[in-house]
Every structure is written in C-alpha cells, then in structure tokens.
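All remarks here apply to the structure that follows.
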Number of protein chains: 2
Amino acid sequence: MKPTIKDVAKHANVSIATVSRILNHTSVGYSTKTENLVRQAVEELGYRPNAVARGLINNKTQTIGVLFPDVSGMLTSELLYGLEEVAHRCGHSVIFCNTSSSGEKTLDYLQLLSEKRVEGVIFGSSLLTETYYNAITAMNIPAVLVSTKSKKHPLPYVKVDDKDAAYTATAYLIKKGHRRIAMLSGNPDDSVAGKPRIDGYREALLDSGLKGEDSLVFAADGFSYEDGRSLFTQFYETATDVTAVFAASDEMAVGALSTAYQMNVRIPDQLSIIGYDNLKISEMAIPPLTTVEQPLRDMGKKAAELLFEGMETGTPGKSIIMPHRIIERQSVKQLV
Amino acid sequence: MKPTIKDVAKHANVSIATVSRILNHTSVGYSTKTENLVRQAVEELGYRPNAVARGLINNKTQTIGVLFPDVSGMLTSELLYGLEEVAHRCGHSVIFCNTSSSGEKTLDYLQLLSEKRVEGVIFGSSLLTETYYNAITAMNIPAVLVSTKSKKHPLPYVKVDDKDAAYTATAYLIKKGHRRIAMLSGNPDDSVAGKPRIDGYREALLDSGLKGEDSLVFAADGFSYEDGRSLFTQFYETATDVTAVFAASDEMAVGALSTAYQMNVRIPDQLSIIGYDNLKISEMAIPPLTTVEQPLRDMGKKAAELLFEGMETGTPGKSIIMPHRIIERQSVKQLV
DNA sequence: TTGAAAGCGATACCAA
DNA sequence: TTGGTATCGCTTTCAA
C-alpha cells in the first residue's frame, strides 16, 4: 500500500510529529538538517499525504459539490468551466452531479454530498424546491444558486435578470424597425426562465406603444432545439405579418432557423430572429445568430467566488445580477 | 456541528459499536428493539455518517477522478454524461478536472487526486505523455483512457477505431459517386486523432483505385470550428474539381458549412460534406450534416464500467473498440 | 445481543 | 528543535 507518515518518520529516523511539521511548513521549529532528511525520505518513498485523514482531523475536505440537471447541455458546460476554474484556484475539487432533472436523484446526491462532507454546494439551472432547500439547509454549509433563483428561499444566486434581458432583446428588435414581433417561449409556468422572459418581451412591446398580443407568444415545455422547431412551425401556420421573432434560447432559435430554412423562409430577409444565451452554436449558425448574451463562464466563476466567500466568512453573501448584452450578428434585419 | 455516531449512541443509550452495526446491516446481532431505538435517534438528530472517517478506516473513498482537456466542448460533455451515469450507479462520485490541455495542470491534478485517494482515474481525449503515465502508475490505482489511446503504455482504452471510421466516411463518399475528395484534417502529428484519420481517408481512396493526393488534405492544428473555417477557405482557393470533403470533426464540418454559405457555395448541390463525431450540432446544422457517429455517451459508460471492473478485479481489463456508423442526413449528394 | 478498545493517517498540544 | 500522545469519526475484532 501507499506509504504513510509513519513510514516516512521511520525512514528518516524522526517522529511523525516532525514530519508533519515540516510538510506543513508549520512552526519554525526544525533544523535544516532534519528537513532535508525528511524531504529525502518523502522523495524516496513517493509519499503523498492522505487527504482523507487530513480531512478527518480538521474537518475540511477541500471539496465542493455541483449539481446540474443536464451535464451535456452547452449552457451547463460553460457554467461548469467557470466554476471549476475558480474552485481549482482556491484549492478545491469539484464533485460533479448530474441530476437529470430528477427530484429523487437530486435528493440522493445532496445526501451523498453531505456524507462526503463537501464544504459548499452550487446548485444550477433548475428550480429549487422546498425539499431541496430543506436538504441543503440541513447540510449546514454555504450554498449558491447559479442561473436560477428562489423567491421563497434566501440563498444567494448569480444570474442575469431574465425579464430585463428579454426586454433588451425585444427592444432591440423594435429599434430595428420591427412592429409585429412574436415570441418562442419556454414554459410560462416556469417562474425563473419562463414567465420573466415573456414579461420582459411584453413590457418592451407595451413601452413602445405596441400591443402585446397573447396570440403572438408560442410556448413549449422546455428550451430545446426540438421545441424551437415545433414552435416555429406552429408560429408560421398561425401568425401573420410578423417580421421578427424573439426565441427564449439559442437552441430554440437554431431550431427555428432550421425549420425556416426547410420552409424556404429566408432569414433575415423575410423574417428576423434573435436568440438568448450566446452559446457557441449561435456563432456557428447559418446565418450567425444575433442574440442576447449571458456571460456563462463568468457566472460560473462568480458563483464559485460567492461560495468561497461564504465558506470563509460564514455568511451567505449577496446575490449577483450579471450584465447581459446584445451580440449583433446576422439574423436580424434593419427595417426601413 | 454535525452529530456523530457518538451522539447517536448516547441518545439511544447504546454503544457506538451497536450503532455502527445497525447502520451497516452488518452481522445479525441486534434486536429489533435496539434497532428501532437507534433509527429513531438517527432520525431525531439528523445524523449522516461521515464518509471521510469511513474512508479513512476502510481505505475506500467511493470516488473516481476524471480528467479532460476541455470541459466545455460538446464532445467532452457527452462523454462525461455517460461516465457520471455509471459512476453514480456504482455508488461512486466523480471529481471532475479540467486540464485545459495544460501539462502542469494535469500533473497537479493527478497529484491532488492521489492525495484525495480516489479509487480510479479516467483520462480523456488527450495524449498520454510519459510524465502523465508515470504519475498515474505511481498512484497505483486503475486507470482507463477514453477517446484516446497510448501505444507505448499499457492502459486500457475505450474509443472507436479512428482510421477505420475515417475509412468508412471516405468510402461512403465514394459509394455516393464522388471521385475527387478532399480532407479537412487535424494535426497530422497527432497520432491518435490526427494521422489515423488521414490514413483511413487515404486508404479508402487507394482501395477504390483513386489516388490519394497530398494536395487534397488540408491540415490544421486542432479540430475546431475556426479550424474548419480557415481550412475551408484554403481548400476552396487551392483545390479544383473536388466534389466532396471529409472533415475530421463535426465542428470543422460546421465551420466549413458556414464558410461555404458565405462564399455562396451550395451544400450539397455544389459540394458534399461529411463530418465526424455526430455531435448535436451536426443535427442542428443547415443543411443537417451527414456524419460518422462516435457513440460518445456509451463510450463514457463503457469507460466507467471498465474502470470499475478494474477496481474490483485488480487487473486492468481489455480495451474496447466502439462501433461507429454513418448517420445519413443532407449534406452529401448522390452523384449520378 | 451488546460493549470496550484498537486502529485508519494525519494534526496539534504539551513536555522535554 | 524534537517526541509523545490525544484526537478526529468511524469499523471491526474480541470478550462478555
């Protein structure tokens, strides 16, 4: 088996206490001679301190847990990228949990993370239910929400203001001369990414003296490519005189783009489309998709920073609203 | 702080040994009465066993480490999805490490994982250098490679046969009537995903009595969208009479698609394109991209299964070549 | 059926 | 400058 601190001590003819002291640069009490002796022993034995034992004694595992409903989504991966980066910088590992949007799996994981004594939890992209919240508070460690939020529960979150961002997208379309604008939306009952975006869209319309007709918002259950496709078909069969559409996600927008292509409607000449997220696919789309950016990696970073702050100070820290902005590409046409 | 087994014992008026026995369903030696007592105490105190302490005593952390050069790539996310799924099923957590293709970071991580006493390691998508290999063997735990392999080092791997898959892609193009076929390739010095794919392409050509001209393979450093774009431009300025191109990755193929679109070359009417990977974007592309599929999620699963097998048996296990197949969509035209 | 006690590998306090 | 030892929370003999 792996050598332990005892083996090193024996090998160097010193006590384990001395070895520990030297390896942790703790106290100033040891001679250069013994230090060399010990370091050499460490080298020869290929000794690596056991983080598990260390974790047991000082109650610190240097690990955080991260829960996402869908690892394979491009949105999640970007968030994860940012998270991991700062976690690593802060000397922490991340245990990564794919909840598959399953309540049971989420609870399961929370319990597991609790047993593993992670020092903090980041919960991403999905609704924080009462049960989850209870499980998290029972863990008695800091937690932060990313790309989601909770009205009822006082956990700090990092996200853009969805309503505001949707407002910006819609206002952009209006500024470009569009008057009849449809929306491809997620689930209106989704109070974090669904309803707020619809509200923002509607408010922008109203603020410009346009009317927000219900018949112009097409809602799906989720925000997927497929949702975008079917919504676009619905839209195209129903709506008339629309010159622009705001899709609540880039995946949806790309779905719309594809379907439009197949239906021979030319983007942006016959119809303008704006997306939401600024995923890599929006850049790769044909035509390149104009969209409102969420700074995903930064959000991941900020969330981790917020968590570490909470771990150090012992107090939750303040939620962060991230800025959003329009990325102009080629899917929106300026109307005369 | 969190309640310990001691608290539970005290609360239930039994010894910690009894609590341990009951919680681990170990031995048959305890009465239903005490069991109830203990369970109730656990409930009341909200006790969760400390996996760290447990890990210390039985030298098992129930976690594995996973290293990837790029979390945010869609390829990686799919692999990760599969990995995580079986890890979870096997009662293990995954510590997720983004190496950013940096040698130093990789070594760093390996060391960290070693200290954290993970029980196995999965190394993905990048070249296994001598140093990495040494670091891994020094950890003295099973390791498996996914979406990469090593000629020099005897670690089991899970991947498709790149040469074979490239052969299939090229042969498909030939079957469709194409005779002059270009290739957009990764780095020819890359012995795992670079050269083999070029070899497969060339061999298919030769086997059909066509000549594999060097001037028809355009190589980049990587496999990115941007690489695809610039390669396509190069290709288009140089090559003549080509009717089809084989791109060594879907991202490259999509880059080619975009560039082609901007140059007004119509796919597949004027030029056919086939990709490699079958990422989600290939389905979302315009036109939908014909490509050769790597069963990414399955590869992730298999890799994890292979690792767990190794952890149980103590022997490495056999490498797995995953099947590949053509996914026919609309980017390749049948020539008369 | 139950309890006492010896570790697992490290840290940190108290003496020497 | 060093060593002995209690301790972290748990599992697992060995006795009772």
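Here is how names work: the chains are called A, B, and so on, in the same order as the sequence lines, proteins then strands, and each is numbered from 1.
In the helix from C:dT1-D:dA16 to C:dA16-D:dT1, the end axes, each obtained as the rotation axis mapping the C1' atoms of four pairs onto the next four within a five-pair block, lie 40° apart to the nearest 10 degrees.
Judged as a side chain to side chain donor-acceptor pair (under 3.5 Å), and not counting sequence neighbours, B:Ser150 has no contacts. Judged as a salt bridge (charged side-chain N to carboxylate O under 4.0 Å, His left out), and not counting sequence neighbours, the contacts of B:Arg48 are A:Glu115. Looking at residues two or more places apart in sequence or on another chain, you find a salt bridge (charged side-chain N to carboxylate O under 4.0 Å, His left out) between B:Glu35 and B:Arg39. Qualifying salt bridge (charged side-chain N to carboxylate O under 4.0 Å, His left out) partners for B:Glu85, counting only residues two or more places apart in sequence or in other chains: B:Lys301. Applying the salt bridge (charged side-chain N to carboxylate O under 4.0 Å, His left out) rule to B:Lys151 yields no partners; only residues at least two apart in sequence or on another chain are considered. Residues passing the side chain to side chain contact (heavy atoms under 4.5 Å, CB included) test with B:Leu107, sequence neighbours excluded: B:Leu110, B:Thr131, B:Tyr132, B:Ala135.
Closest to the B:Asn24 side chain, of the nucleotides C:dA10, C:dG3, D:dT11, is D:dT11.
Atom CD1 of A:Ile5 is separated from atom P of C:dG7 by 18 Å (rounded to the nearest Å). For the pair B:Arg54 CZ and C:dG7 C1', the computed distance is 17 Å after rounding to whole Å. Note: NZ (A:Lys60) to P (C:dA12) measures 11 Å, nearest angstrom. Here C:dA10 presents its C1' atom at 11 Å from CZ of B:Arg117, a figure rounded to the nearest Å. With rounding to whole Å, B:Ile22 atom CD1 is found 15 Å from D:dT11 atom C1'. Rounded to an integer number of Å, the gap from B:Asn13 CG to C:dT2 P is 12 Å. Distance, B:Leu45 CG to D:dG9 P: 14 Å, rounded to whole Å. Summarising the geometry, the separation between CG on B:Leu37 and C1' on C:dT2 is reported as 13 Å, rounded to the nearest angstrom.
A donor-acceptor pair shorter than 3.5 Å can be found between the side chains of A:Thr18 and A:Ser15. For the residue pair B:Thr315 / B:Thr313, a side-chain donor-acceptor distance below 3.5 Å is found, with atom types taken as modelled.
With DNA chain C read from its 5' end, the first of the two nearest nucleotides for B:Lys33 and A:Leu23 is the one closest to B:Lys33.
Screening residues 35-56 of chain A for ring-ring contact (aromatic ring centres under 6.0 Å, His included) gives no qualifying pairs among residues at least two apart or on separate chains.
Applying the 4.0 Å criterion to OP1 and OP2 of D:dT11, one finds that B:Ser20 has a side-chain N or O inside that range. Taking only side-chain nitrogens and oxygens, A:Thr18 never comes nearer than 4.0 Å to OP1 or OP2 of D:dT1.
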Could you list all N or O pairs between the protein and nucleotides 4-8 of chain D that sit under 3.5 Å apart?
none

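Among the heavy atoms of the strands lying under 4.0 Å from A:Val14 are primed sugar atoms or P, OP1, OP2 only; no base atom is included.
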